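Throughout, numbering of the chain's residues begins at 1 and tracks the sequence. Just so it is clear, the structure is predicted and the values come from calculations on it, not from any experiment.
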Amino acid sequence: AIAGEPNFLGCQLLARLNLRPAQTDEFVVRVERAGMIILGRTNVPEVLSAATTESALHGPCRNPWDVSRSPGGSSGGSGAAVAALLVAAAQASDGGGSTRIPAGANGVVGLKPTRGLVTQSPSMTSWVDITNTKSWHTRSVRDTAALLDVVAGSGFADTGSAPAPARPYLEEVGAPPGQLRIGFMRQLPGNSMPLDPEAVKAVEATAKLLADLGHHVEESHPEPLNTAEHFELILTYWPMKVAQRLAAAEAKLGRLIAPEEVEPSTFQMLQFAREHSIVDLGIALENIYAYTKRMLSWYRQGFDLLLTPMLGCPPPPLGLLIDPAQRKQGMLWGGFAPLANLTGQPAISLPLHWTAADLPLGVQLVGDLWREDLLIRVAAQLERAHPWAQRVPPIHG
């Protein structure tokens with residue numbers, strides 16, 4: 001948010017009401033203080049609530065590797081802009097995979113920091129939104145680390161924040177990570193449907209590369225990922241965020257939003273929020289906390305990192321993921337992302353694989369709480385061993 005500027009979250013209703021922020025995000029203040037120049041805004045799905053960037057307000061954002069395909073979402077415009085060399089870096093948010101999914105789909109780097117590491121001030125979102133973080137899309141681990149140093153740290157009235165890192169994140173680039181114990185998985189959480197063979201290739205090749213670099217790599221994952229529980233948990237929590245994002249519109253209208261004023265999927269989530277009580281929200285948070293403890297116990301068994309595909313399939317055609325009948329396809333596409341949002345763990349998507357059709361298909365590393373330092377060290381090690389900077393999409397600046 002920048003005070004007075006359009007920030008309509010891809011929503012026709014918010015644009016019609018011309019609801020603009022009164023305050024500038026601390027994230028933006030820090031970016032400008034560091035000397036960065038803001039060039040513009042990129043496309044998002046309505047109220048940031050889809051794993052593809054296709055809105056009625058601005059139309060579809062296209063993947064620069066194949067313009068008939070999705071760039072992911074919700075920060076799909078950000079990922080596409082960096083991949084196509086429009087900018088060296090673009091801000092991305094991640095509440096359910098919204099940084100990492102587009103990173104995997106566009107062939108760029110996308111880091112989701114630990115909950116509380118980067119302030120969301122002055123928005124009260126940081127008080128009520130436990131899954132969201134702010135970060136970047138870039139073309140290198142070095143740039144991601146440097147820009148994390150710019151924006152990390154608590155803000156005014158933050159009540160939960162991260163411990164200060166031992167040294168700047170940029171200094172972790174090139175630092176030896178030591179020999180790590182890394183678990184990997186090559187099936188969708190819950191194994192409800194098979195992964196695309198390209199996703200399996202991506203994770204297997206990365207596991208081999210990590211082993212060649214001297215790490216102990218074994219097929220293992222946290223027990224909660226034996227089911228698709230994380231997907232169901234975030235679906236019970238997310239509608240509250242949608243209702244909050246649209247509350248100002250309802251206040252200005254003086255009534256509830258009607259079905260025809262937002263996209264069908266948005267109204268469905270709004271209805272879910274209206275039909276559930278504050279007790280239901282409390283139970284959802286309790287279930288998320290129990291899930292988090294079970295997830296983190298795997299790291300307490302001596303594991304340092306979890307390796308997964310970032311995406312269960314190559315970027316799908318535009319239009320597919322906005323079809324309500326394609327819920328299973330959505331789970332395959334984004335099924336590896338929400339687990340780190342629920343637990344608050346740091347996770348990074350790296351562009352280490354391209355399909356036979358020359359489409360990017362990223363892989364994901366998930367670290368223990370506050371271990372951005374370790375993620376950056378290993379990510380930089382992988383980038384040196386298997387560089388991707390020479391890859392440029394057919395459409396680029």
Side-chain angles (χ1 to χ4, degrees), residues 63 65-66 69 72 79 83 97 99-112 137-142 144 173 176-189 191 193-222 225 303-316 332-337 339-340 346-367 374-393:
N63 192 313
W65 293 91
D66 180 343
R69 295 179 180 270
T99 296
R100 290 162 292 140
I101 291 171
N106 290 284
V108 299
V109 179
L111 170 69
K112 184 204 89 67
H137 285 139
T138 74
R139 291 183 57 83
S140 72
V141 177
R142 176 204 63 188
T144 290
V173 177
Q179 185 184 49
L180 304 178
R181 187 182 181 195
I182 300 171
F184 74 97
M185 60 187 301
R186 48 185 163 186
Q187 65 183 44
L188 194 68
N191 201 20
M193 66 191 84
L195 294 177
D196 187 281
E198 291 282 5
V200 177
K201 281 183 192 176
V203 78
E204 287 179 342
T206 305
K208 182 180 184 305
L209 180 57
L210 286 164
D212 291 344
L213 290 168
H215 302 294
H216 176 77
V217 183
E218 61 186 280
E219 195 158 7
S220 176
H221 59 262
L225 298 183
F303 287 95
D304 297 294
L305 296 172
L306 172 66
L307 167 67
T308 77
M310 186 63 256
L311 306 166
C313 61
L332 177 64
W333 173 241
F336 289 99
L339 60 96
I348 192 168
S349 176
L350 298 173
L352 286 167
H353 183 75
W354 267 258
T355 71
D358 205 30
L359 293 172
L361 193 61
V363 298
Q364 174 177 233
L365 290 168
V366 185
L374 192 59
L375 281 179
I376 290 168
R377 285 179 218 159
V378 175
Q381 186 183 44
L382 287 166
E383 184 178 17
R384 286 195 308 273
H386 191 73
W388 54 73
Q390 78 281 4
R391 288 187 175 269
V392 178

Going by salt bridge (Lys or Arg N to Asp or Glu O under 4.0 Å), name the residues that satisfy it together with Asp304, two or more places apart in sequence or in a different chain.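 In terms of salt bridge (Lys or Arg N to Asp or Glu O under 4.0 Å), with neighbours along the sequence ignored, Asp304 is linked to no residue.
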For residues 374-387, tabulate all N or O donor-acceptor pairs below 3.5 Å that involve a side-chain atom, not counting sequence neighbours.
unit_1 : atom_1 : unit_2 : atom_2 : d
Arg377 : NE     : Glu172 : OE1    : 2.7
Arg377 : NH2    : Glu172 : OE1    : 3.3
Arg377 : NH2    : Asp373 : OD2    : 3.3
Gln381 : OE1    : His215 : NE2    : 2.8
Glu383 : OE1    : Val141 : N      : 3.2
His386 : NE2    : Leu352 : O      : 3.4

How would you list, by chain and number, every residue that makes a ring pair (Phe, Tyr, Trp, His ring centres under 6.0 Å) with Phe184, sequence neighbours excluded?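 For Phe184 there are no ring pair (Phe, Tyr, Trp, His ring centres under 6.0 Å) partners, ignoring immediate neighbours.
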Please round to the nearest 0.5 Å and tell me the distance separating atom [atom1] of [X] and atom [atom2] of [Y].
{"X": "Ile348", "Y": "Arg100", "atom1": "CD1", "atom2": "CZ", "result": "10.5 Å"}
{"X": "Thr355", "Y": "Asp196", "atom1": "OG1", "atom2": "CG", "result": "8.5 Å"}
{"X": "Leu180", "Y": "Leu210", "atom1": "CG", "atom2": "CG", "result": "8.5 Å"}
{"X": "Lys112", "Y": "Ile101", "atom1": "NZ", "atom2": "CD1", "result": "13.0 Å"}

Any side-chain heavy atom of [X] sitting closer than 4.5 Å to one from [Y]?
{"X": "Leu361", "Y": "Pro309", "answer": "no"}
{"X": "Leu305", "Y": "Leu307", "answer": "no"}
{"X": "Leu306", "Y": "Leu225", "answer": "yes"}
{"X": "Val366", "Y": "Phe336", "answer": "no"}

Pairing residues for Thr308 by the side chain to side chain donor-acceptor pair (under 3.5 Å) criterion, not counting sequence neighbours: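 Side chain to side chain donor-acceptor pair (under 3.5 Å) list for Thr308, sorted by chain: Gln364.
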Residue list, side chain to side chain donor-acceptor pair (under 3.5 Å) with Gln187, at least two apart or on another chain: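 Scan of Gln187 (side chain to side chain donor-acceptor pair (under 3.5 Å), adjacent residues dropped) gives none.
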Salt bridge (charged side-chain N to carboxylate O under 4.0 Å, His left out) partners of residues 210-221, not counting sequence neighbours, each pair once: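 Qualifying pairs, neighbours excluded: Arg181-Glu218, Arg186-Glu219, Lys208-Asp212.
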According to salt bridge (charged side-chain N to carboxylate O under 4.0 Å, His left out), does anything in residues 355-364 pair up with another residue at least two apart or in another chain? List the pairs.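 Listed once each, the pairs are Asp358-Arg391.
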Contact summary for [X] and [Y], nearest pair of heavy atoms:
{"X": "Pro102", "Y": "Gly97", "value": "CD-O, 3.7 Å"}
{"X": "Ala199", "Y": "Leu195", "value": "CB-CB, 4.3 Å"}
{"X": "Ala211", "Y": "Val217", "value": "N-CG2, 3.8 Å"}
{"X": "Trp333", "Y": "Cys313", "value": "CZ3-O, 3.3 Å"}
{"X": "Ser220", "Y": "Phe303", "value": "OG-CZ, 3.4 Å"}

[X]: which residues meet the side-chain contact (heavy atoms from CB on, under 4.5 Å) condition with it, sequence neighbours left out?
{"X": "Pro360", "answer": "Trp65, Trp354"}
{"X": "Ala103", "answer": "Val108, His137, Ser349"}
{"X": "Thr144", "answer": "Val109, Leu111, Thr138"}

My understanding is that only one of Glu198, Glu204, Met310 makes a side chain to side chain contact (heavy atoms under 4.5 Å, CB included) with His353; could you say which?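 Going through the options one by one, the only one that passes is Glu198.
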